[in-house]
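Notes to accompany the following structure.
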There are 2 protein chains.
Amino acid sequence: MSVPRAGLDAATITAAGAALADEIGFTELTMGKLAERLGVRSPSLYKHVASQDDLNRRIAALAYAEMADALGAATQGRAGRDALAAAAHALRDFVVTHPGRYASTVGLTPTGPDDPVATASLRGLGPFEAVLRGYDIPPEKMTHALRALRSTFHGFANLEATNGFQWSTDVGESFEWLIDLIDHGLRHAAGRE
Amino acid sequence: MSVPRAGLDAATITAAGAALADEIGFTELTMGKLAERLGVRSPSLYKHVASQDDLNRRIAALAYAEMADALGAATQGRAGRDALAAAAHALRDFVVTHPGRYASTVGLTPTGPDDPVATASLRGLGPFEAVLRGYDIPPEKMTHALRALRSTFHGFANLEATNGFQWSTDVGESFEWLIDLIDHGLRHAAGRE
DNA sequence: CTCCTTGGCTAATTGAATTAGCTAAAAGCT
DNA sequence: AGCTTTTAGCTAATTCAATTAGCCAAGGAG
């Protein structure tokens, strides 16, 4: 009796896992549910990914890569406050649209410098670096500025994603306000010594 | 044969859980390990807490309360950039000293406005509000400013806690730089219209 | 001293990850 | 086409943590 193969591979599984995580929530993602989604039994997944942790890392790496692309596209041809706002909005959109993917990136400690997660998260910084280039930050301060941008926008995204904001005051407005705050801070930083 | 009771209650269990989470990592915290630490069998814990999720929420609420106390103490009698820096450092210290407690607060969606987690996290904002009072922020912008502070410092703490910073450039220095950035941003916000 | 509530225990259930070992599908080779 | 080898998917079995059921004694109330 011919039963054709499913034709799975790590990339397909990772993509399906990311999609499912977006639908049902990252913490709800399970090998069993993912297998079912792919029309396969859970042990079969282990022919392509080593473990659930491995799967999670692959999803996170994918998410970082997609974020980098989205940020890169959004900031193309823009500079200064314009680029900053575009990057911030692109990141926020990504988190809203792909909550599961985003959650996969939160709280994952890279195992080492060669970990795909580490590499991908580094690559995700590229667009932020491009944004900063428009601010004349002294080169030796670049790292600080980069870290500041990451902290700020990931912090906001994270709070928003977990319902951390309680009152009803418009969150979008707060976001614009935050962009202004950072813009002025960076502009000032460009000036000092 | 008299076997004396352990004399547990929810508060004791929560405290022990928080301490254990700090030691072995929040994700490693398990009902079994916690029970063992308390010299009791795991089903016994269910006489005091409803589930692991319930336990996690209690730990998170405890963590928020402790953070609020630490921030409050640190900012006592300070104002302006001074208060800002004190709050930021206190938060960072807390995260470094109590990684498990901090992790418990990340990614927990409050179940409702009456959720102890929600209440405690709100209470945790008090000190930030006090800091902002030293900046003459227009009252209608206060919410935005509060959200900005939370985003920024939680974002930094989170990245640091998960090894998100890769290069060796001194993280403490980046932290100081970030404080400056926010300080100038807030000062500017106080001025505009 | 007796009754009643309640905290802790053992045994059993459930659900998810993961491993072992089998078989047939693909892919290569002649 | 036939033969061999690799490998993807399957079922069965294991492990481990959460949780529930049901028992019993400890400790407080009268």
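Below, chain A is the first sequence line, B the second, and so on; all start at residue 1. This structure is a prediction, so every number in the text was calculated from the model and none was measured.
Distances were taken from every side-chain heavy atom of Pro43(A) (C-beta onward) to each of dT11(D), dT20(D), dA17(C); the shortest belongs to dT11(D). For Tyr46(A), taking side-chain heavy atoms from C-beta onward, the closest of the listed nucleotides dA18(D), dT19(C), dC10(D) is dT19(C).
Nucleotide dA11(C) holds its C1' atom 12 Å from the CZ atom of Arg41(B), rounded to whole Å. Put simply, CG on Leu55(A) is 16 Å from P on dA16(C), counting in whole angstrom units. Between Glu36(B) atom CD and dA17(D) atom P the separation is 11 Å, expressed in whole Å. The distance from atom CG of Asp53(A) to atom C1' of dA16(C) is 15 Å, rounded to the nearest whole Å. The CE-C1' distance, from Met31(A) to dA16(C), rounds to 10 Å in whole Å. As a whole-Å value, the separation of Leu45(A) CG from dG9(D) C1' is 10 Å. With rounding to whole Å, Gln52(B) atom CD is found 14 Å from dG15(C) atom C1'.
Remark: Gln52(B) engages Met31(B), Asn56(B) in a side-chain contact (heavy atoms from CB on, under 4.5 Å) (not counting sequence neighbours). For Ser151(A), the side chain to side chain donor-acceptor pair (under 3.5 Å) test picks out no residue, with sequence neighbours left out. Qualifying ring pair (Phe, Tyr, Trp, His ring centres under 6.0 Å) partners for Phe156(A), counting only residues two or more places apart in sequence or in other chains: Phe165(A), Phe175(A). With sequence neighbours left out, Lys47(A) forms a side chain to side chain donor-acceptor pair (under 3.5 Å) with no residue at all.
The two residues Gly185(B) and Leu181(A) have their closest heavy-atom pair at C-CD1, 3.1 Å. Between Phe94(A) and Ala63(A), the shortest heavy-atom distance links the atoms CZ-O, 3.9 Å.
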Could you list, one pair per line, each protein nitrogen or oxygen that sits under 3.5 Å from a nitrogen or oxygen of nucleotides 5-7 of chain C, together with the distance?
unit_1: dT6(C); atom_1: O2; unit_2: Arg5(B); atom_2: NH2; d: 3.1
unit_1: dG7(C); atom_1: O4'; unit_2: Arg5(B); atom_2: NH1; d: 2.6

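Interface residues of residues 13-29 of chain B facing DNA chain C, ordered by number: none; criterion, heavy-atom separation under 4.0 Å.
Looking at Thr12(B) and Asp9(B), their side chains do bring a donor and an acceptor atom within 3.5 Å of each other.
Residues Arg37(B) and Glu23(B) are paired through a salt bridge, judged by an N-O separation under 4.0 Å between the basic side chain and the carboxylate.
Residue Thr30(B) places at least one side-chain N or O closer than 4.0 Å to OP1 or OP2 of dA18(D).
Residues Leu71(B) and Val131(B) fail the side-chain proximity criterion, which asks for heavy atoms closer than 4.5 Å.
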